[in-house]
Protein chains: 2
Amino acid sequence: MLSKKTKYALHALTYLGKHREEKTVLIQDIAEEHGISHKFLENILLELKKAGILGSKKGKGGGYYLIKEPIDIPLSKVIRLLDGPIALLPCVSLNYYEPCDECKDEAVCGINKVMIQVRDETLKILENKTLEDILKT
Amino acid sequence: MLSKKTKYALHALTYLGKHREEKTVLIQDIAEEHGISHKFLENILLELKKAGILGSKKGKGGGYYLIKEPIDIPLSKVIRLLDGPIALLPCVSLNYYEPCDECKDEAVCGINKVMIQVRDETLKILENKTLEDILKT
DNA sequence: CATAAACCCTATAAAATAAATAGGGTTTAT
DNA sequence: ATAAACCCTATTTATTTTATAGGGTTTATG
């Protein structure tokens, strides 16, 4: 399941996607719309900014805005950023690899072999679904 | 990511699958092989038993054994049992439905529409990969 | 140039969940 | 009779997630 962070991020991105004609959008507006704590959402938007998905403008009259086209924001990117690995096991993660404690020998383990296939097929899905898919429904 | 419970369950099932010629296998043997706490593993095997995946024999000389063919044990079943929903949002879960807090109106939300598609495609993968796939590699 | 409005940053606390432990009960081969 | 094994529930501990706190920095505007 997605964490609240990721869910909030998706809601925020959707909100920003729907208000692209405006130059910037306030954190407060998004927070109120979805009943999210202002400060918690702020952290999330900052992460999205550091990841190059959002831009921001400081000072009075500032706010956040989408820096990319919705079609160029795959779900895989958002999920990895806020939730971490998409793979089901750390030992088959492309971006967050770690050895598995329970596994004596990765070369012999049949579980990871299958999980590599699951990861690749899951990635196909999550890399193809983008913010645009959410916006257009 | 899979919880330790699910990982332990997969290791236990793999172990049982590899020892099918023996009538029963002891919890202790599986626990030692993978460095899992005996008691923790016991709870997991009980859940697998209640779910109709394992059988057991009580008393001296007893133990656990696979009650189904490995090809009839899809990963989806094991994951659902130990980890819960496969869907990324509670509001699109087939087996564990709950409304989403952040979502004002499911009919209007574009996120859940996309997540239904992700769920269906993910299920295709996890229902097709079975214990047999793990054993045969 | 003062000020208010907005983003920026780090650290800590609270809540929820996952993982592990504990302690006994029941069954059955020998 | 007894020891070995599964069965069951409750509690504790550890980890992760979620939320809060408190200020710092930037900038449009009158």
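Every chain is numbered from 1, with letters handed out A, B, ... down the list of sequences. These numbers come from a predicted model, not from an experiment.
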**Student:** Quick check on DNA chain D: between A/Gly61 and B/Lys49, whose nearest nucleotide comes earlier from the 5' end?
**Tutor:**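 Per heavy-atom nearest nucleotide, the more 5' residue is B/Lys49.
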
**Student:** Round to the nearest Å and state the distance from A/Phe40 atom CZ to C/dA11 atom P.
**Tutor:**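 Taking atom P of C/dA11 as the reference, CZ of A/Phe40 is at 18 Å.
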
**Student:** Tell me: CG of B/Leu82 to C1' of C/dA18, nearest whole Å?
**Tutor:** 12 Å

**Student:** Any donor-acceptor pair under 3.5 Å between the side chain of B/Lys39 and the base of C/dG23?
**Tutor:**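 Check passes, donor-acceptor contact within cut-off.
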
**Student:** Nearest whole angstrom, please: distance from the P of D/dA19 to the CG of A/Asn43.
**Tutor:** 11 Å

**Student:** Whole angstrom is fine here: how far is it from NZ in B/Lys7 over to C1' in C/dA19?
**Tutor:**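 Going from NZ in B/Lys7 over to C1' in C/dA19 covers 12 Å.
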
**Student:** For A/Lys68, does its backbone N or O pair with a side-chain atom of A/Asp72 as donor and acceptor, under 3.5 Å?
**Tutor:** no

**Student:** Centroid-to-centroid, A/His19 to A/Tyr15, below 6.0 Å?
**Tutor:**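 When the ring centroids of A/His19 and A/Tyr15 are compared, they turn out to be within the sub-6.0 Å range.
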
**Student:** Between C/dT28 atom P and B/Lys57 atom NZ, what is the distance in whole Å?
**Tutor:**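 Computing the B/Lys57:NZ to C/dT28:P distance gives 8 Å.
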
**Student:** By the 4.0 Å heavy-atom rule, please label A/Lys4 as base, sugar-phosphate, or nothing.
**Tutor:** sugar-phosphate

**Student:** Looking at C/dG25, does its base get a donor-acceptor pair with the side chain of B/Lys58 below 3.5 Å?
**Tutor:** no

**Student:** Select from B/Ile36 and B/Lys60 the residue whose nearest nucleotide in DNA chain C is closer to the 5' end of that strand.
**Tutor:**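 In this pair, the answer is B/Ile36.
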
**Student:** Tell me the partner of C/dT28, counting only Watson-Crick (N1-N3 plus N6-O4 or O6-N4) or G-U wobble (N1-O2 and O6-N3) with both under 3.5 Å; none if nothing fits.
**Tutor:**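 Result: D/dA3.
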
**Student:** So A/Leu45, base contact, sugar-phosphate only, or nothing? Heavy-atom distance under 4.0 Å.
**Tutor:**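 Nothing: the residue A/Leu45, judged by heavy atoms under 4.0 Å, touches no strand.
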
**Student:** Tell which nucleotide pairs with D/dA21, taking only Watson-Crick or G-U wobble pairs whose two distances are both under 3.5 angstrom.
**Tutor:** C/dT10

**Student:** Separation of A/Ile44 atom CD1 from D/dA19 atom P, in whole Å?
**Tutor:** 8 Å

**Student:** Is a donor-acceptor pair below 3.5 Å formed from side chain A/Glu42 to base C/dC7, judging by atom type as modelled?
**Tutor:**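 Not at all, since no donor on one side and acceptor on the other fall under 3.5 Å apart.
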
**Student:** Could you tell me the separation between the OH atom of A/Tyr64 and the P atom of D/dT27, rounded to a whole number of Å?
**Tutor:** 14 Å

**Student:** Which nucleotide sits closest to the side chain of B/Ser56: C/dA29, C/dC9, D/dC6?
**Tutor:**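 When the side chain of B/Ser56 is considered, D/dC6 is the closest of C/dA29, C/dC9, D/dC6.
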
**Student:** Say whether, by atom type as modelled, one donor and one acceptor occur between the side chain of A/Asp83 and the main chain of A/Leu2 under 3.5 angstrom.
**Tutor:**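 No, A/Asp83 side chain to A/Leu2 backbone: no donor-acceptor pair under 3.5 Å.
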
**Student:** Might you confirm whether atom CD1 of A/Ile71 has over 12 heavy atoms from other residues, nucleotides or ligands at distances under 6.0 Å?
**Tutor:** no

**Student:** Would you find a donor on one side and an acceptor on the other, under 3.5 Å apart, between the side chain of A/Lys113 and the backbone of A/Ala107?
**Tutor:**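 Yes, A/Lys113 side chain to A/Ala107 backbone: donor-acceptor pair under 3.5 Å.
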
